[in-house]
Amino acid sequence: MVTSKLTLEPLGSLPENQRRLLLDIGPRWGEDILGHRQTVIDCYTPLVASAPKDGIVVERDVRYGPHERHLLDIFLPAENQAEGRGSTATRKLDAIVFVHGGAFVRGNKSVNGEIYDNVCYWFASQGLAAINVEYRLAGAAPYPGGAEDVSCALAYVHENANSFNIDPGRIFVVGHSAGGAHAATCLFDPAVTDNSLPPPVAGLVLISARLVADVRAGNPNANPVRTYFGDDEELYPARSPLTHVERSTTPLMIAVAEFENPYLDEYGAQFFLEALRHRGVPPRFIQMRGHNHTSIVAHFNSGEEYLGREILHFIATVTRSGES
């Protein structure tokens with residue numbers, strides 16, 4: 001199979017019958033999230049599997065902590081590797097640290113050997129280092145355990161930045177769904193930051209992130225929210241990333257899909273507005289037309305590049321350390 005040509009059309013890298021299928025599912029996304037998610041994965045897996053991966057070196061299952069899920073995969077441009085690890089002459093790379101979703105109770109850094117890997121392959125193909133992070137799930141690590149794992153993974157990346165020719169001042173976090181909640185909690189929430197300051201990051205990209213702990217009647221993931229955030233709903237506001245957005249000046253970008261898990265688009269917009277109120281530099285906000293909660297990440301490295309290009313532009317406009 002040959003990867004689709006580059007396109008900016010929503011879902012445009014898919015064959016037309018699959019594109020129409022996902023657009024038809026879109027308005028009904030919340031009726032069967034797991035079933036529709038599998039349909040999206042089935043559609044995109046062949047595309048991202050056939051995408052060229054030459055020129056990218058992957059080091060898998062690197063341990064960053066003591067738990068069996070404290071693992072990460074590192075994707076590097078081969079030309080960067082060829083110049084030698086730690087070489088002072090090597091161009092230091094911008095890096096993204098990707099934190100996957102899974103409603104707090106499930107998920108892996110690689111769904112089937114392709115999905116989620118595709119995000120890191122795409123960024124590595126653009127000349128960045130990309131790190132794909134596994135973390136403990138809610139059963140083993142309730143709030144704020146996932147955020148503590150993100151902080152631990154960031155510490156590992158910082159400590160080993162020179163080894164991978166990464167610029168430690170140019171590390172960006174990209175979090176999807178529950179992974180976005182963990183990333184935002186790691187950077188903003190005093191439950192984490194007051195105990196141990198997280199390693200500095202240059203910017204944060206939240207994609208379809210759960211930014212409010214809620215068990216509203218229409219939330220199909222209410223039970224997983226309880227599992228992670230606890231049974232005491234009075235604690236939910238204090239444990240919600242939305243509450244703490246004003247605590248950080250980290251450059252921020254927010255992306256949501258047109259067809260989201262219930263309330264995630266609403267919370268993304270609220271987060272954007274709160275950040276807009278409290279920050280000198282406005283955050284960025286993008287709604288991905290035609291996309292759903294899963295395709296918004298599954299489409300990376302498929303030939304559709306709008307969101308990826310917007311993230312690269314966001315990264316490029318963040319001032320480098322020492323620059324005015």
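What you see is a predicted model, and the numbers here were worked out from it, not measured in a lab. When a residue number appears, it is its place in the shown sequence, counting from 1.
- Note on Arg170 versus Asp94: salt bridge recorded, some NZ/NE/NH1/NH2 to OD/OE distance being below 4.0 Å.
- Of the options Asn132, Asp117, Leu72, a side chain to side chain contact (heavy atoms under 4.5 Å, CB included) to Arg60 is made by Asp117 and by none of the others.
- The aromatic rings of His100 and Tyr135 lie parallel to each other, their planes meeting at an angle below 30°, with 60° marking the opposite boundary.
- Aromatic ring pairs are classed by plane angle as parallel below 30°, tilted from 30° to 60° and perpendicular above 60°; the pair Phe172 and Phe314 is perpendicular.
- No side-chain heavy atom of Val105 sits under 4.5 Å from any side-chain heavy atom of Tyr228.
- The closest side-chain heavy-atom distance from Glu59 to Phe164 is below 4.5 Å.
- One hydrophobic cluster, built from ILVMFWY side chains closer than 4.5 Å, holds both Ile286 and Val318.
- Using cut-offs of 30° and 60° on the angle between ring planes, the pair Phe300 and Trp122 is perpendicular.
- With hydrogens and angles left out, the side-chain atoms of His70 and Asp149 include a donor and acceptor closer than 3.5 Å.
- Using bins of under 30°, 30° to 60° and over 60° for the plane-to-plane angle, the ring pair Tyr121/Phe75 lands in the perpendicular bin.
- In this model, no donor atom of one side chain and acceptor atom of the other lie less than 3.5 Å apart for Arg247 and His278.
- Between Phe259 and His36, the distance separating the two ring centers is not shorter than 6.0 angstrom.
- Here the closest non-hydrogen pair linking Ala184 and Pro241 is CB-CB, 3.7 Å.
- Below 30°, between 30° and 60°, or above 60°: for Phe272 and Phe285 the angle between ring planes is between 30° and 60°, a tilted geometry.
- Ionic pairing of Arg309 and Glu304 is not present here: no N-O contact between side-chain nitrogen and carboxylate oxygen is shorter than 4.0 angstrom.
- Side-chain contact check for Asn112 and Thr45: at least one donor-acceptor pair (N or O, by modelled atom type) lies under 3.5 Å.
- Contact check on Glu233 versus Arg226 returns a salt bridge, with a Lys/Arg side-chain nitrogen under 4.0 Å from an Asp/Glu carboxylate oxygen.
- Residues Pro262 and Ile33 form a side-chain contact, since some pair of their non-hydrogen atoms from C-beta on lies under 4.5 Å apart.
- A salt bridge is defined here as a Lys NZ or Arg NE, NH1 or NH2 lying under 4.0 Å from an Asp or Glu carboxylate O, and Arg289 with Glu258 fails to meet this definition.
- Inspection of the Asn162 and Lys92 side chains reveals an N or O donor paired with an N or O acceptor under 3.5 Å.
- Ring-centre distance between Phe104 and Phe229: below the 6.0 Å cut-off.
- Closest heavy-atom contact between Ile296 and Leu307: O-CD2, 3.7 Å.
- Enclosure of atom CZ in Arg20 is not indicated, since only 12 or fewer non-hydrogen atoms of other residues, nucleotides or ligands lie within 6.0 angstrom.
- Here salt bridge (Lys or Arg N to Asp or Glu O under 4.0 Å) pairs that include residues 26-51, with residues two or more places apart or in two chains, are Asp24-Arg28.
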Chi angles and distances behind the salt bridge (charged side-chain N to carboxylate O under 4.0 Å, His left out) call for Glu68, Arg136 = CA-CA 8 Å; Glu68 62 182 8; Arg136 293 171 297 166; over 6 Å; no
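- Judged by distance alone, the side chains of His291 and Ser295 do bring a donor and an acceptor atom under 3.5 Å apart.
- Considering every non-hydrogen atom in both Ala138 and Thr227, the closest pair reads CB-CG2, 3.7 Å.
- A cation-pi arrangement is absent between Arg210 and Tyr267, since the terminal nitrogen or guanidinium carbon is not both under 6.0 Å from the aromatic centre and inside a 45° cone about the axis.
- No salt bridge links Arg239 with Asp189; every basic N to acidic carboxylate O contact stays at or beyond 4.0 Å.
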